[in-house]
Amino acid sequence: MLDEVKTQLSQIVSQAVKSVIAKGDLTLTEIPEIQLQAPKSDEHGDLACPLALVLARSAKKAPRAIAQILVEEIEAAPHPLIKRVEIAGPGFMNFFLSNSYLYELLRSIQNQQANFGRSNIGHGERIVVEFVSANPTGPLNIVSGRAAATGDTLVNVLNATGYDAIREYYINDAGGQTLRFAGSVDARYRQLLGQAVEFPEDGYHGDYVTRFAQEIIDAEGARYLQMEESDRLKAFWQIVYPKIQRWQKDDLERFGVYFDVWTREQSIRDAKKPEEILQTLKSRELLYDAEGATWLRLTAFGGDKDCVVIKSDGEYTYITPDMAYHHDKFQRGFDRAIDLLGPDHHAQAGRLQTAMKALGYDESRLRILFVQQVNLVNERGERVNMSKRKGQLITLGELIDQLTGTVDERFAVDVARYFFLMRSSSSHLDFDLSLAIKRAQENPVFYLQYAHARVCSIFTLAKQRNIRRLPLEEVNLEWLQEPEEARLIKKLGEFPEVVQSCARTLEIHHLPHYLQEVAALFHTFYNKCRVLDEAAPELTQARLVLADCVRLVMGNGLSLLGISAPETM
RNA sequence: GCGCCCAUAGCUCAGUGGAUAGAGCAUCUGACUACGGAUCAGAAGGCCGGAGGUUCGAAUCCUCUUGGGCGCUCCA
């Protein structure tokens with residue numbers, strides 16, 4: 001809707017430029033794109049156009065003079081949309097629009113209902129978004145929580161803008177970490193059975209490792225001691241892996257994140273996909289042997305160094321099945337793949353990008369985003385580095401547990417999700433758990449939810465007072481004349497653009513910020529303007545339409561964030 | 001040494017080419033006997049890490065520089 005207004009206005013301006021050139025009042029070889037921006041201040045109108053500033057050089061005229069010529073041309077043929085045009089500052093043309101477009105906006109929101117905010121800029125492009133993908137060697141920590149909230153919302157946003165996106169989790173259930181983890185379980189197993197074994201230095205120290213060992217003893221005793229160590233490790237892995245996977249999945253679901261596809265590295269290996277891509281690379285003469293290993297010539301594609309794909313012991317390095325996995329994503333028909341990675345995977349990301357180029361894929365098809373680290377801050381304000389191996393971490397489950405101590409489970413998830421979503425994912429995040437718990441009650445997410453609940457309460461009260469809403473076409477929206485109403489309506493109209501911008505930039509933190517603004521403008525409106533006024537039934541009807549539009553935008557927005565929109569709190 | 005991320009109000013962060021740089025928290029002052037005070041109105045708080053450059057116009061783009069974080073394995 002706001003788009004349409006902009007399009008209309010930019011046509012008017014561009015028409016004016018053309019006719020001014022035709023008259024010879026302005027000399028230009030080329031008309032630049034006409035920008036229209038919503039000014040921050042009401043004094044600057046509804047939409048501002050800096051065209052005269054842009055043209056100053058090529059037209060060899062002062063910006064204000066150019067603006068003057070254009071404004072005269074525009075005013076010569078009055079348009080119902082434009083109330084007046086002012087020239088301001090260095091040469092901005094500020095358009096003040098007639099309120100009718102605001103009323104159109106409300107009608108448009110009413111007609112679209114839950115679809116308001118949805119669009120089709122994606123044209124059905126198929127995208128696989130891979131995120132979390134934590135090693136199956138322990139519970140998910142809060143960094144994974146941040147990735148989970150981010151990826152989940154990103155997929156919501158993409159699907160709302162006409163892309164066909166899915167959530168995918170890659171399970172590294174076949175690499176070297178698995179045996180290292182099994183080794184840690186084994187060490188605890190033997191320790192618990194009284195053997196004096198030293199715990200591996202690079203092992204996993206978490207309590208849960210000991211718990212797993214104890215569970216094995218409880219179920220099957222000491223019988224694994226009879227086995228060869230390598231067989232025992234494999235057996236332990238088989239026992240422990242499903243438990244961890246279940247654990248991770250439960251935590252994610254508790255957090256409201258459901259993956260569409262879980263891909264196991266083992267299944268990629270079983271399907272001989274790594275061999276397949278190695279064959280392709282070999283046929284292109286991109287592989288060579290050196291120092292007993294097989295290398296991929298990444299330097300031929302702009303990589304800073306070549307990388308090993310088969311180690312001298314015959315095992316693959318991480319990248320080999322990973323390449324195969326990404327190749328598989330494209331084979332499954334996805335136009336684009338987006339990966340959300342932790343910041344400690346920078347080198348891996350660069351290598352993978354280059355490797356996919358070597359496999360013949362256009363660079364633009366794989367986009368790797370980084371969800372920056374989360375530092376845990378302790379009571380003394382010191383940063384604590386989280387490490388899964390050292391068992392020094394806060395798990396996603398613990399986070400929700402702790403928040404649940406102060407608020408309901410549903411709100412605990414809301415608080416945690418909002419905490420992760422409200423800041424840019426490229427920024428580091430200091431997570432002060434004690435503060436987060438303390439602040440749970442006064443968390444900014446409640447500000448948004450309260451706005452939604454407050455709107456809903458208006459309708460509840462209306463019902464109690466037997467105030468029935470008239471059909472939209474019988475409501476006279478001209479009653480909405482207050483500046484607080486105009487500001488709120490304008491903000492509501494931005495919603496589709498905000499969602500689109502999140503989809504285009506893959507930066508979703510704009511959405512929480514936008515909803516915060518909507519909530520603030522609504523609260524202001526609510527304090528200033530009485531909705532249910534029995535002395536003014538027509539005004540009441542018009543304001544009910546506005547209130548309902550706020551309800552829709554807040555509801556649709558919160559739903560994209562995966563945060564509940566309560567009707568009462 | 002090389003690459004990536006970050007630096008904006010006391011604190012946590014938005015703003016990535018437009019007018020007077022914004023919000024939340026914290027601080028201070030106020031608000032209707034009326035739709036939910038989990039709210040609102042207002043005050044105070046800033047050489048946008050620093051220095052050059054591009055531009056009509058820079059927190060934003062380029063170069064250099066300072067400080068912090070993370071990578072640079074035949075680990076994942």
Side-chain angles (χ1 to χ4, degrees), chain A residues 35 37 39-41 43-44 48-50 52-57 62-63 88-92 94 133-135 137 172 174-178 180-181 202 265 290-295 304-305 307-319 322 342-351 370 372-373 375 381 383 385 419 422-424 426-430 432 435 439 441-444 446-447 449-451 453-462 464-465 467 505 507 509-510 512-514 516-517 519-520 522-534 540 543 547 568-569:
Chain A
Q35 305 172 50
Q37 39 204 231
K40 289 171 204 158
S41 154
E43 290 165 38
H44 297 145
C49 178
L53 297 163
V54 178
L55 293 179
R57 174 169 282 235
F92 286 97
N94 292 336
S133 295
N135 282 337
T137 51
N172 294 121
Q177 290 296 324
T178 61
R180 181 170 301 156
F181 182 74
D202 57 355
E265 181 185 343
E291 302 162 51
T294 305
W295 296 69
D304 51 351
K305 54 181 84 161
C307 73
V308 171
V309 289
I310 303 175
K311 296 190 264 185
S312 49
D313 65 3
E315 286 291 326
Y316 296 136
T317 54
Y318 181 79
I319 195 172
D322 203 27
D344 49 336
H345 293 68
H346 258 123
Q348 174 197 325
R351 272 201 298 270
F370 294 96
Q372 285 294 338
Q373 66 188 101
N375 295 310
R383 283 185 182 174
N385 282 329
F419 202 98
M422 66 190 291
R423 359 167 94 75
S424 155
S426 61
S427 291
H428 298 190
L429 172 60
D430 283 344
D432 185 329
L435 196 66
R439 289 270 174 79
Q441 304 273 20
E442 48 198 81
N443 194 287
F446 292 132
Y447 185 77
Q449 295 180 317
Y450 182 61
R454 210 177 204 187
V455 186
C456 291
S457 77
I458 297 173
F459 290 99
T460 311
L461 189 68
Q464 284 167 10
R465 293 194 189 163
I467 300 172
T505 60
E507 290 275 356
H509 65 282
H510 298 113
H513 282 274
Y514 167 76
Q516 205 276 335
E517 288 172 347
F522 168 70
H523 286 310
T524 301
F525 156 79
Y526 183 87
N527 276 281
K528 173 85 188 299
C529 308
R530 165 153 286 267
V531 176
L532 300 178
D533 185 347
E534 264 135 291
T540 296
R543 285 187 172 159
T568 56
M569 291 177 71

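Just so it is clear: chains get the letters A, B, ... in the order the sequence lines come, proteins before strands, and each one is counted from 1.
- Comparing B:U16 with B:A59, their P atoms sit 13 Å apart, to the nearest whole Å.
- Distance noted for atom C1' between B:A9 and B:C48: 10 Å (whole Å).
- Residue-level contact check: A:L461 touches the backbone only, with heavy atoms under 4.0 Å from sugar-phosphate atoms and none from bases.
- Counting only heavy atoms from C-beta outward, the side chains of A:V531 and A:F525 approach each other to under 4.5 Å.
- With a 4.5 Å cut-off on side-chain heavy atoms, A:E291 and A:S312 do not count as touching.
- Rounded to whole Å, the separation between the P atoms of B:G17 and B:C61 comes to 7 Å.
- Looking only at side-chain heavy atoms (C-beta outward), A:Y316 and A:V309 stay at 4.5 Å or farther from each other.
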- Can A:Q177 and A:Y318 be said to form a side-chain contact (heavy atoms from CB on, under 4.5 Å), step by step? CA-CA 10 Å; A:Q177 290 296 324; A:Y318 181 79; over 6 Å; no
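- Within 4.0 Å of A:A451, counting heavy atoms only, lies no atom of the nucleic acid at all.
- Distances shown here put every side-chain N or O of A:H44 at or beyond 4.0 Å from the OP1 or OP2 atom of B:U20.
- With a cut-off of 3.5 Å on both pairing distances, the Watson-Crick or G-U wobble partner of B:U27 is B:A43.
- In this structure, A:A349 reaches neither bases nor backbone, as no heavy-atom distance under 4.0 Å exists between it and the strands shown.
- Across all strands shown, nothing is found opposite B:A58 as a Watson-Crick or G-U wobble partner with both distances under 3.5 Å.
- Stacking of A:H345 onto the six-membered ring of B:A76 is present: less than 5.5 angstrom between centres, less than 30° between planes.
- For the C1' atoms, the distance linking B:A41 with B:U55 amounts to 40 Å, nearest Å.
- Between A:Y526 and B:G36 there is a side-chain N or O to OP1 or OP2 distance below 4.0 Å.
- Here the side chain of A:F446 is nearest to one of B:A76, B:C74, B:A38, namely B:A38.
- Note: CE (A:M422) to C1' (B:U12) measures 8 Å, nearest angstrom.
- In this structure, A:H513 and A:H509 have perpendicular ring planes: the angle between them is above 60°, well past the 30° mark.
- Contact check, A:R351 against B:U73: no side-chain N or O comes under 4.0 Å of OP1 or OP2.
- A:N94 comes within contact range of at least one nucleobase, with a heavy-atom separation under 4.0 Å.
- For A:T568 and B:G36, the shortest distance from a side-chain N or O to OP1 or OP2 is not below 4.0 Å.
- Within the nucleic acid shown, A:C529 comes within 4.0 Å of at least one base atom, counting heavy atoms only.
- If you check every strand for non-hydrogen atoms under 4.0 Å, A:A88 touches a base.
- Using atom P as the reference point in both B:U63 and B:A43, the two lie 41 Å apart (nearest Å).
- Annotation: B:U65 and B:C56 have their P atoms spaced 28 Å apart (nearest Å).
- Side-chain atoms of A:R454 lie closest to B:G36 of the nucleotides B:A14, B:A19, B:G36.
- Using C1' as the reference atom, B:G22 and B:U8 are 10 Å apart when rounded to the nearest Å.
- In this structure, the nucleotide among B:U39, B:A19, B:G18 sitting nearest to the side chain of A:V54 is B:G18.
- With B:G24, B:A19, B:C74 as the choices, the nucleotide that has an atom nearest any side-chain atom of A:W295 turns out to be B:C74.
- Nucleic acid contact class of A:E291 (heavy atoms, under 4.0 Å, all strands): base.
- Side-chain atoms of A:A453 lie closest to B:G36 of the nucleotides B:A19, B:C35, B:G36.
- In this structure, the CG atom of A:N527 is 13 Å from the C1' atom of B:A38, given to the nearest Å.
- Base pairing analysis places B:G37 opposite nothing; no Watson-Crick or G-U wobble pair with both distances below 3.5 Å involves it.
- Phosphate contact (OP1/OP2 of B:C13, side-chain N/O of A:H513, threshold under 4.0 Å): absent.
- Between A:K528 and B:C40, a side-chain N or O to OP1/OP2 separation shorter than 4.0 Å is absent.
- Both distances falling under 3.5 Å, in either a Watson-Crick or a G-U wobble arrangement, place B:C70 opposite B:G3.
- Heavy atoms of A:T524 sit under 4.0 angstrom from primed sugar atoms or phosphate atoms, though from no base atom.
- Note: CD (A:Q516) to C1' (B:C25) measures 12 Å, nearest angstrom.
- Between A:R543 and A:D533, the closest side-chain pair of non-hydrogen atoms is not below 4.5 Å.
- The interatomic distance linking A:E534 (CD) with B:C35 (P) rounds to 12 Å, in whole Å.
- Note that CG of A:L461 and CD1 of A:I458 are 9.0 Å apart. Values are rounded to the nearest 0.5 Å.
- The separation between A:R530 atom CZ and B:C32 atom P is 15 Å, rounded to whole Å.
- A distance of about 39 Å separates the P atoms of B:A26 and B:U66, rounded to the whole Å.
- The A:Q348 side chain lies nearest to B:A76 when the options are B:G18, B:U39, B:A76.
- Nearest to the side-chain atoms of A:K305 among the listed nucleotides B:C40, B:A19, B:U73 stands B:U73.
- To the nearest angstrom, P of B:U39 lies 17 Å from CD of A:E517.
- When side chains are defined from C-beta on, A:E534 counts as touching A:R465, because their heavy atoms get closer than 4.5 Å.
- Between A:R423 and A:Q37, the residue whose closest nucleotide on RNA chain B is further toward the 5' end is A:R423.
- Within the shown strands, nothing qualifies as a pairing partner of B:C32 under the Watson-Crick or G-U definition with both distances less than 3.5 Å.
- Stacking of the aromatic ring of A:F92 onto the base of B:G18 is not found under the criterion of centres within 5.5 Å and planes under 30°.
- Each of B:A38, B:C40, B:C74 was ranked by its minimum atom distance to the side chain of A:Y450; first place goes to B:A38.
- Under the Watson-Crick or G-U wobble criterion, with both distances below 3.5 Å, B:C48 has no partner in any strand shown.
- In the set B:G15, B:A19, B:C72, B:C72 carries the atom at the smallest distance from any side-chain atom of A:A347.
- Distance A:H346 NE2 to B:C70 C1': 7 Å, rounded to the nearest Å.
- As judged by a 4.0 angstrom heavy-atom cut-off over every strand, A:E43 is placed among the base-contacting residues.
- Nearer the 5' end of RNA chain B, as judged by each residue's closest nucleotide, is the contact made by A:A48, out of A:R465 and A:A48.
- Remark: C1' of B:C72 and CD1 of A:I319 are 14 Å apart, rounded to the nearest angstrom.
- For the pair A:I319/A:C307, a side-chain contact is recorded, criterion being any heavy-atom separation below 4.5 Å from C-beta on.
- The residue A:M569 sits close to a base: some heavy atom pair falls under 4.0 Å.
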- Message: Under the criterion side-chain contact (heavy atoms from CB on, under 4.5 Å), I'd like the reasoning laid out for A:Y450 against A:Y447: C-alpha separation, chi angles, the key distance, then a yes or no.
- Response: CA-CA 5 Å; A:Y450 182 61; A:Y447 185 77; 5.8 Å; no
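- The base of B:C74 is not paired with the side chain of A:T317 by any donor and acceptor separated by under 3.5 Å.
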